[in-house]
Amino acid sequence: MRNPYAIGKAIYLRAPTADDVEGNWHQWFSDPEITQYLADRWWPNSVEDQTRFFDSLRNSRDRLVLSICDKETDEHIGVSSLSAINWVHRYADIALVIGERKYRNGAVAIETLALLTDIAFNRLNLFNLKSIHVSTNPFTPLLEKIFGFTEVGRFRKMFHFRGDYVDAVVTQLDRSDWEARNRGTQVQTYTDR
Amino acid sequence: MEEIEQRILGVMSVVFNLDAGEIPPNAAPGNLKQWDSLKHMNLVLALEDEFGFRFADDELTDLLNLKLIVEIVSKKLGEKP
């Protein structure tokens, strides 16, 4: 592991590096399969675009982007984030993308979201997490339901998707619900397991 | 525990659209082609519905194969795995 920030059982999260930018990270956000349910990824993504994004993170304190890595191989397999962090009201947007196909088995997404919510509530002391997804996305609603996110509203016919306009679904997870489900357990440790 | 395992196999047979007898004892996403990412999510939710509990995050990350699922569910129900 290199510079782990949060350590799970099969994966760990760490700050992104220039190697990540030169690797597959930029390709994931050109991949039509990966980007099909993302709201604003219509242009091809280049190393230069990814470098600009990476550079923008350098001094950012309202966006925490973490690379997802396989603990055993150290392979960079995806990216996760807490963004639009509001330190006064203590909420953030949450997102994750598993870029490498062989890791898109459900279990990695679950472990990533477990680590990310633990970071949000335990390390950053946030109170609310929110998310928006395209209503035609089959995966995110299930993942969020498992973690106790609730739908709080919809923007009707907000996103153009395959020739039609579909809803943007807004969901929320508040800290008290997360704590109630995880009472007495520990998701992750700050040292190696 | 056998009853729990049978109930889990029942849930899996519905989620994966297989007969319970077609689910091997070492069933896992790597060796059961029906067990993809969507089915994994549906399996977790179906198990919670079947047994009437919610998995904690630490348990969710261990639901990786049939054997582990039986162990975790048994433990949650207070049964010796």
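These values consider heavy atoms only, across backbone and side chains, with no hydrogens, waters or symmetry-generated copies. Proteins come first, then strands; the chains are lettered A, B, ... in the order of their sequence lines, and each starts at number 1.
Residue N17(B) qualifies as open at atom CG: its count of foreign heavy atoms under 6.0 Å is 12 or below. Within 6.0 Å of atom NZ in K130(A), more than 12 heavy atoms from other residues, nucleotides or ligands are found, so the atom counts as buried in its surroundings. More than 12 heavy atoms of other residues, nucleotides or ligands shown are found within 6.0 angstrom of CD on E33(A).
What you find for G106(A) and S37(B) is that their closest heavy atoms are N-CB, 3.4 Å. Smallest separation of non-hydrogen atoms from T61(B) and K9(A): OG1-NZ, 2.7 Å. Nearest heavy atoms, A56(B) versus R181(A): CB-O, 3.6 Å.
Neither the backbone nor the side chain of F53(B) comes within less than 4.5 Å of any heavy atom in chain A. In this structure, chain A has a heavy atom under 4.5 Å from the side chain of L64(B), while its backbone stays farther away.
When hydrophobic clusters are built by joining Ile, Leu, Val, Met, Phe, Trp and Tyr residues whose side-chain heavy atoms come closer than 4.5 Å, directly or via intermediates, F54(A) is grouped together with V47(A). Both L96(A) and Y103(A) sit in one connected hydrophobic cluster of ILVMFWY residues. Membership requires side-chain heavy atoms under 4.5 Å apart, directly or through other members. I119(A) is connected to W87(A) through a chain of hydrophobic side-chain contacts under 4.5 Å among Ile, Leu, Val, Met, Phe, Trp and Tyr, so both are in one cluster. Linking Ile, Leu, Val, Met, Phe, Trp and Tyr whenever their side-chain heavy atoms come within less than 4.5 Å leaves L129(A) and V97(A) in two separate clusters. Cluster annotation: V65(A) and L13(A) are assigned to distinct hydrophobic clusters (Ile/Leu/Val/Met/Phe/Trp/Tyr, side-chain heavy-atom contacts under 4.5 Å, transitive).
Atom CG of D118(A) and atom CG of D57(B) lie 8.0 Å apart (nearest 0.5 Å). One finds the CG atom of L60(B) at 10.5 Å from the CD atom of E111(A) (value rounded to the nearest 0.5 Å). Atoms CG and CG, from N105(A) and L38(B) in turn, are 12.0 Å apart once rounded to the nearest 0.5 Å. The CG atom of L63(B) sits 7.0 Å away from atom CD1 of I110(A), with the distance rounded to the nearest 0.5 Å.
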Handout entry: Verdict with supporting geometry, N42(B) and L142(A), side chain to side chain contact (heavy atoms under 4.5 Å, CB included)
Key = CA-CA 7 Å; N42(B) 279 310; L142(A) 297 175; 3.6 Å; yes

Handout entry: Test side chain to side chain contact (heavy atoms under 4.5 Å, CB included) applied to L143(A) and H40(B), step by step
Key = CA-CA 10 Å; L143(A) 180 63; H40(B) 185 75; over 6 Å; no

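Between the side chain of R54(B) and the backbone N or O of I146(A), at least one donor-acceptor pair lies under 3.5 Å.
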